Structures are given as C-alpha cells and as structure tokens.
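Take a look at this one; I'll ask things after.
We count residues from 1, following the sequence as given. None of the values given here were measured: they were computed from a predicted structure.
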Amino acid sequence: QVQLVESGGGLVQAGGSLRLSCAASGRTSNNYAMGWFRQAPGKEREFVAALNWSGGSTYYADSVKGRFTISRDNAKNTAYLQMNSLKPEETAVYYCAAGVSAAGITGSHGIKYWGKGTLVTVSS
C-alpha cells in the first residue's frame with residue numbers, strides 16, 4: 001500500500017502562485033508515475049499533469065501548459081505541482097495520484113492510489 005498526502009493548498013489571488021506537494025509513504029519502491037488532478041465544485045475531476053518515475057516525461061492538460069510545472073524528488077518520495085498565473089476558474093480540490101505510467105494517468109488509466117486532496121481557492 002502507498003499513502004499519498006497533499007499539502008500546499010490555500011487562498012491565493014488571481015495571477016498568484018502556489019506550490020502543491022504530494023508526500024508518498026508506504027511501499028514507495030514500485031517506481032510509480034505521479035500525477036495531479038483537480039475537481040471544481042459541480043464538475044467532474046479532470047487531469048492536470050503527470051510525470052514518469054525518472055521525471056523525464058511530462059504531460060499537461062492544455063489549459064495549464066506554460067503555467068504549471070510538475071516535478072518530483074524521489075529521494076524525498078514527494079511530487080510537486082508549481083502553479084503560476086492562477087485563475088479564479090481553477091478553484092478546485094487538487095488530488096495527487098500514483099499510477100503505472102504517466103501516459104496512462106492522463107486518461108485516468110492504471111491509477112493505483114489517490115490522495116485525499118487539498119483545496120485551492122483563487123480569488124478574483
């Protein structure tokens with residue numbers, strides 16, 4: 001089992017930045033790909049970003065390309081999501097996920113574990 005715990009959410013003004021963290025514990029030796037999703041009020045959960053174990057392959061939703069950056073520090077068993085130029089419509093609960101492959105995560109395939117989420121509120 002792997003436990004994922006997100007942190008770093010909060011209230012930020014439009015145009016501001018936040019960095020989310022996802023700390024993994026438990027059986028973290030399985031070289032999982034990591035990803036981020038978000039779910040806004042009244043909407044379905046959507047893919048945001050993913051990267052493979054080595055960090056050499058990254059994927060982004062079109063809506064966040066150029067503004068968000070996903071990264072990981074395997075020595076710390078932690079993944080990150082740097083979010084810049086945030087928009088009010090990006091207010092959502094952001095979830096971390098661990099899966100078989102980064103490409104699979106983009107389509108919500110092969111996801112083995114989910115975190116409980118962290119709330120990001122972007123004020124206008």
Side-chain angles (χ1 to χ4, degrees):
Q1 288 288 332
V2 173
Q3 294 76 44
L4 303 176
V5 179
E6 303 94 336
S7 62
L11 176 64
V12 63
Q13 289 188 334
S17 299
L18 279 177
R19 188 176 83 152
L20 305 182
S21 298
C22 173
S25 61
R27 297 185 63 179
T28 58
S29 62
N30 288 355
N31 298 353
Y32 289 114
M34 299 296 293
W36 290 93
F37 290 75
R38 65 188 178 190
Q39 187 167 19
K43 296 187 176 180
E44 293 187 353
R45 186 159 53 189
E46 64 174 358
F47 166 74
V48 175
L51 83 169
N52 65 352
W53 167 256
S54 69
S57 294
T58 57
Y59 301 82
Y60 295 95
D62 288 344
S63 59
V64 307
K65 284 180 181 177
R67 299 186 298 117
F68 289 16
T69 302
I70 188 171
S71 61
R72 66 191 299 165
D73 183 338
N74 289 334
K76 296 182 179 180
N77 293 322
T78 301
Y80 305 96
L81 184 68
Q82 177 67 43
M83 306 185 294
N84 299 329
S85 301
L86 283 160
K87 305 174 183 179
E89 57 265 36
E90 294 180 310
T91 293
V93 177
Y94 284 70
Y95 297 91
C96 176
V100 175
S101 72
I105 286 176
T106 65
S108 298
H109 302 304
I111 292 176
K112 299 296 185 182
Y113 303 101
W114 290 95
K116 293 184 178 181
T118 185
L119 177 63
V120 172
T121 302
V122 185
S123 64
S124 58

- [ ] In sequence, state the C-alpha distance, the side-chain angles, and the governing distance for Val64 and Met83, and then conclude on side chain to side chain contact (heavy atoms under 4.5 Å, CB included).
- [x] CA-CA 8 Å; Val64 307; Met83 306 185 294; over 6 Å; no
- [ ] Determine whether the side chains of Ser17 and Asn84 contain a donor N or O and an acceptor N or O closer than 3.5 Å.
- [x] yes
Task: Non-hydrogen atoms of Ala97 and Ile111 that approach each other most closely - done: CB-CG2, 3.9 Å
Open item on the list: Less than 4.5 Å apart, side chain to side chain, heavy atoms only: is that true for Leu81 and Phe68?
Closed with: yes
Task: Heavy-atom check, side chain of Met34 versus side chain of Cys96, under 4.5 Å - done: yes
Open item on the list: When you compare the side chain of Glu89 with that of Val122, does any pair of heavy atoms fall below 4.5 Å?
Closed with: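 They are not in side-chain contact.
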TODO: Taking the side chain as every heavy atom from C-beta outward, state whether Glu6 and Ser21 have any pair of such atoms under 4.5 Å apart.
DONE: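 Of all side-chain heavy-atom pairs linking Ser21 with Glu6, none is under 4.5 Å.
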Open item on the list: Looking at every heavy atom in both Asn52 and Ala33, which two are closest together, and how far apart are they?
Closed with: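 It is CA-CB, 4.1 Å.
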Open item on the list: Side chains of Arg38 and Tyr94 only: does a donor on one sit below 3.5 Å from an acceptor on the other?
Closed with: yes
Open item on the list: For a 4.5 angstrom cut-off between non-hydrogen side-chain atoms, does Val12 reach Thr121?
Closed with: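 Sidechains of Thr121 and Val12: no contact.
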Open item on the list: Would you say that Lys116 contacts Val5 through its side chain, given a criterion of any heavy-atom pair below 4.5 Å between the two side chains?
Closed with: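 No, their side chains stay 4.5 Å or more apart.
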Task: is_close_aromatic(Tyr95, Phe37), centroid dist under 6.0 Å - done: no
TODO: Considering non-hydrogen atoms only, spot the tightest contact between Leu18 and Leu86 and give its length.
DONE: N-CD1, 4.0 Å
Open item on the list: With heavy-atom distances below 4.5 Å as the criterion, would you say the side chains of Tyr32 and Lys112 are in contact?
Closed with: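 Yes, at least one pair of side-chain atoms sits under 4.5 Å.
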TODO: Evaluate the side-chain proximity of Arg67 to Tyr60: yes if any heavy-atom separation is below 4.5 Å, no if none is.
DONE: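 A side-chain contact is absent here, since even the closest heavy-atom pair is not under 4.5 Å.
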Task: Minimum heavy-atom distance between Ser124 and Ala14, given as atom pair plus value - done: CA-CB, 4.4 Å
- [ ] Report yes or no: is the cationic atom of Arg72 (NZ for Lys, CZ for Arg) under 6.0 Å from the centre of the six-membered ring of Tyr80, at an angle within 45° of the ring normal?
- [x]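 No, Arg72 and Tyr80 do not form such a contact.
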